[in-house]
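Start at 1 and go down the list; that is how both ligands and their atoms are numbered. Worth knowing before you read on, the calculation uses all heavy atoms, side chains too, and leaves out hydrogens, waters and symmetry mates.
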Amino acid sequence: RDRERLFNFDRVFWSVDPKSDDFASQEMVYGDLGAEVLASATEGYNACVFAYGPTGSGKTYTMMGLPGDEGLIPRICEGLFDRMKQVREVEFEEEIFSFEVSVSYFEIYNEKVRDLLPADDETKRDEKCSLKVREHPKDGPYVQGLKQRIVRDKQGVQELIDKGTENRTTAATHMHDRSSRSHAIFTINFTQAKLDEDLPSEIVSKINLVDLAGSERADPTTNYHRGRLKEGANINKSLVALGNVIQALGSPQGQERSTSVKTKALFIPYRDSVLTWLLKDSLGGNARTIMIATISPSSLRYNETINTLRYARRAKNIVNRPCVNEDPNVSLIRELRAEIVRLRGMLSSHWGSTMSLSDSSSNVVEKLEEHENMVCELTKTFFGKWQDSQFGLMQPLRAFDRSQSLGVIVDTQLPHLLCMDDDILSTGIMLYYLQEGTTSIGTEDAALPQDIVLSGSDVAAEHCYIEHDVRGDVTLYPCTDGAPITVNDRDVALPVRLSQGDILHLGKGNMFRFNHPQEAAKLRERRRVRNHGNRAIIPSPHTGNCFMYFFNVNYVHLET
Ligand SMILES: Nc1ncnc2c1ncn2[C@@H]1O[C@H](COP(=O)(O)OP(=O)(O)OP(=O)(O)O)[C@@H](O)[C@H]1O
């Protein structure tokens with residue numbers, strides 16, 4: 001028992017006695033670890049922090065903290081918003097920046113994934129609903145159907161944290177009465193958009209903040225009821241799986257795998273548990289990861305402490321391969337631009353020396369033209385995507401920061417439905433683009449997934465669809481007899497062509513305004529011509545409300 005055991009870690013925090021000189025406060029822990037996470041996120045790297053340790057050793061305290069003594073998660077969120085504010089105020093003049101933060105919060109309980117965030121119209125989440133984990137060939141494992149909530153400020157994110165934490169599965173254990181019985185993962189998706197010398201760029205960073213369930217083994221002398229025993233078995237199973245992944249990645253072959261491309265692929269058992277599957281990228285993949293091992297100072301917990309320290313020592317051997325998550329089109333544009341500069345240089349030196357075009361220089365000219373066309377096409381595609389799918393990124397900033405006016409401009413040429421929620425408590429704005437082709441509208445129960453999913457007892461599974469044809473005409477087609485649809489308060493049972501400004505009701509609770517920017521532009525132009533003409537008002541010979549307008553020489557517009 002007197003034997004000294006030495007472990008080597010990057011940092012050690014002592015937070016037992018607040019009066020002691022070397023007491024590590026939550027602020028200090030954030031200053032060290034949180035700052036690292038923030039730096040990674042702003043550079044466009046994925047980051048992950050996970051807290052591992054026995055029950056009651058301070059995992060939840062470190063990650064979430066207490067009211068007034070917040071832990072890493074609320075502080076990192078606050079830090080992100082402070083950073084955005086600072087960038088907008090200080091760096092905005094040089095480059096145009098914009099940001100988007102969305103969060104999700106779920107738990108893994110008995111190997112099942114449950115969303116901890118309630119839907120907008122729920123006060124509590126659906127207890128029974130468990131979500132499926134799927135793997136995208138490029139983006140890796142993800143939770144299907146998990147709610148992603150866009151947050152705009154510290155208060156908004158704190159509300160979601162509080163709601164989610166309230167929903168987390170906890171129980172009284174021999175250590176304390178609110179022991180976490182599940183692994184909780186709070187994810188922040190941080191998107192930064194900027195316009196740098198006319199080149200738009202977008203980097204995305206995913207921050208996984210994980211509070212694991214306690215790592216203690218079930219005590220054989222304690223009389224557990226069945227549910228508690230099953231919980232314990234599942235917690236152990238996933239933590240053993242995590243240990244195996246850490247062991248494999250930390251082994252010499254695992255480390256080599258991270259540095260050498262040639263090494264034969266080493267099998268890492270990520271799929272042995274939902275936890276390791278979902279944290280695949282954070283463990284030995286594309287993320288900068290921090291593991292916090294929490295331990296108790298009590299000698300009674302010697303065994304748990306030594307096990308935790310051994311676990312952490314193994315994790316220290318893992319080598320990750322983080323890279324900046326940038327839109328591939330932007331990096332291609334950048335490379336092509338560099339190549340164009342090089343080719344131009346070649347050409348000018350060639351012309352300078354011989355004053356004539358040889359075969360090789362005409363090849364260079366051809367290549368140069370090809371590259372310039374490609375850059376032009378790629379930039380156009382990127383701008384199109386930017387304007388249509390990144391709504392809310394650039395335009396609000398221009399409105400906020402350039403003119404100081406408080407407004408959001410959605411500048412798109414695509415027809416769209418703007419959701420007009422009549423719930424007085426609703427604060428979000430929803431906009432659905434109507435791409436060329438068909439947009440189906442219905443509920444989650446429809447046989448085929450619907451493009452726009454609505455809720456409400458009177459919304460049919462396949463309520464209607466909207467056709468946007470090549471000429472730009474937009475037509476609404478009812479799909480189910482009796483499904484309530486009105487356009488400008490008129491009941492609709494047959495296909496109806498939509499016009500700029502139409503008000504749609506799809507079921508009682510779903511109201512939309514239809515906007516058709518191109519049609520609106522034509523109408524605006526007509527109005528402009530009408531208002532700027534030299535007009536003479538001639539009373540109608542038949543009724544009092546018919547006017548004739550004369551425009552300069554050759555325009556006559558009749559309005560009734
Ligand atoms: N450094 C600390 N300073 C003050 N209080 C702490 C500290 N660490 C833990 N606590 C308190 O000890 C109790 C247990 O801590 P916590 O819930 O964070 O443990 P845990 O490791 O998450 O446990 P479990 O695995 O059972 O969820 C809580 O009341 C918490 O506020």
Side-chain angles (χ1 to χ4, degrees), residues 9 11-34 49-76 105-110 114 116 161-162 164-186 208-219 222 224 227-240 242-243 273 275 290-298 300-309 311-312 315:
F9 296 112
R11 287 178 187 79
V12 180
F13 300 102
W14 172 258
S15 61
V16 177
D17 179 11
K19 288 188 213 97
S20 111
D21 285 346
D22 45 7
F23 174 75
S25 62
Q26 297 272 37
E27 201 179 340
M28 253 169 97
V29 176
Y30 169 73
D32 261 2
L33 308 183
V49 181
F50 67 96
Y52 175 92
T55 290
S57 56
K59 296 181 293 296
T60 308
Y61 175 79
T62 307
M63 296 307 288
M64 278 300 173
L66 302 168
D69 190 21
E70 281 76 17
L72 279 174
I73 297 180
R75 283 174 196 263
I76 286 174
Y105 194 12
F106 65 91
E107 68 173 358
I108 305 170
Y109 178 68
N110 284 344
R114 303 204 298 203
L116 289 173
I161 291 175
D162 292 344
T165 306
E166 216 173 280
N167 286 329
R168 195 172 168 197
T169 308
T170 57
T173 60
H174 58 293
M175 286 308 298
H176 64 121
D177 58 0
R178 274 188 74 82
S179 171
S180 315
R181 308 315 295 153
S182 64
H183 309 301
I185 305 186
F186 185 84
N208 276 327
L209 302 166
V210 189
D211 179 14
L212 296 173
S215 60
E216 77 293 342
R217 293 190 189 285
D219 178 356
T222 311
Y224 295 100
R228 200 79 330 129
L229 209 56
K230 187 177 167 200
E231 258 173 22
N234 276 309
I235 293 172
N236 283 342
K237 183 184 158 197
S238 53
L239 292 178
V240 166
L242 179 63
S273 78
L275 175 72
I290 296 170
M291 173 182 180
I292 302 174
T294 56
I295 51 172
S296 156
S298 163
L300 292 174
R301 307 193 73 190
Y302 178 85
N303 282 337
E304 286 167 357
T305 299
I306 205 88
N307 285 339
T308 307
L309 294 176
Y311 206 98

> Looking only at N/O atoms, are K59 and ligand 1 under 3.5 Å apart anywhere?
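Between K59 and ligand 1, an N or O pair is found under 3.5 Å apart.
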> List the atom of M64, the atom of I161, and the distance in Å for their closest heavy-atom pair.
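M64 and I161 have their closest heavy atoms at SD-CG2, 3.5 Å.
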> Closest approach of M63 and P74, non-hydrogen atoms and distance?
O-CD, 3.7 Å
> For atom 22 (O) of ligand 1, which candidate among L212, T62, T60 holds the nearest heavy atom?
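It is T60 whose heavy atom sits nearest to atom 22 (O) of ligand 1.
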> Evaluate D211 for polar contact with ligand 1, using N/O atom pairs at a separation under 3.5 Å.
no
> Working to the nearest 0.5 angstrom, can you tell me the gap between R11 CZ and I290 CD1?
7.0 Å
> For the residue pair S57 and T294, what are the closest heavy atoms and their distance?
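For S57 and T294, the tightest heavy-atom pair comes out as OG-OG1, 2.8 Å.
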> Could you list the atoms of ligand 1 found under 4.0 angstrom from a heavy atom of P54?
21 (O)
> So, regarding G58 and ligand 1 (criterion: nitrogen or oxygen to nitrogen or oxygen, under 3.5 Å), is there a contact or not?
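Yes; the residue has a nitrogen or oxygen that sits under 3.5 Å from a nitrogen or oxygen of the ligand.
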> Is S57 close enough to touch ligand 1? Criterion: a residue heavy atom under 4.0 Å from a ligand atom.
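Yes, S57 has heavy atoms under 4.0 Å from ligand 1.
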> For the pair Y105 and F186, name the ring-plane relationship: parallel under 30°, tilted 30 to 60°, perpendicular over 60°.
perpendicular
> Quick check: G214 and ligand 1, any N/O pair under 3.5 Å apart?
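Yes, at least one N or O pair falls under 3.5 Å.
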> Between ligand 1 and A213, is the shortest N or O to N or O distance under 3.5 Å?
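Such a contact does not occur with ligand 1.
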> Considering all heavy atoms of both residues, which atom of F50 and which atom of L242 are nearest to each other, and what is their separation?
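Nearest heavy atoms, F50 then L242: CE1-CD2, 4.3 Å.
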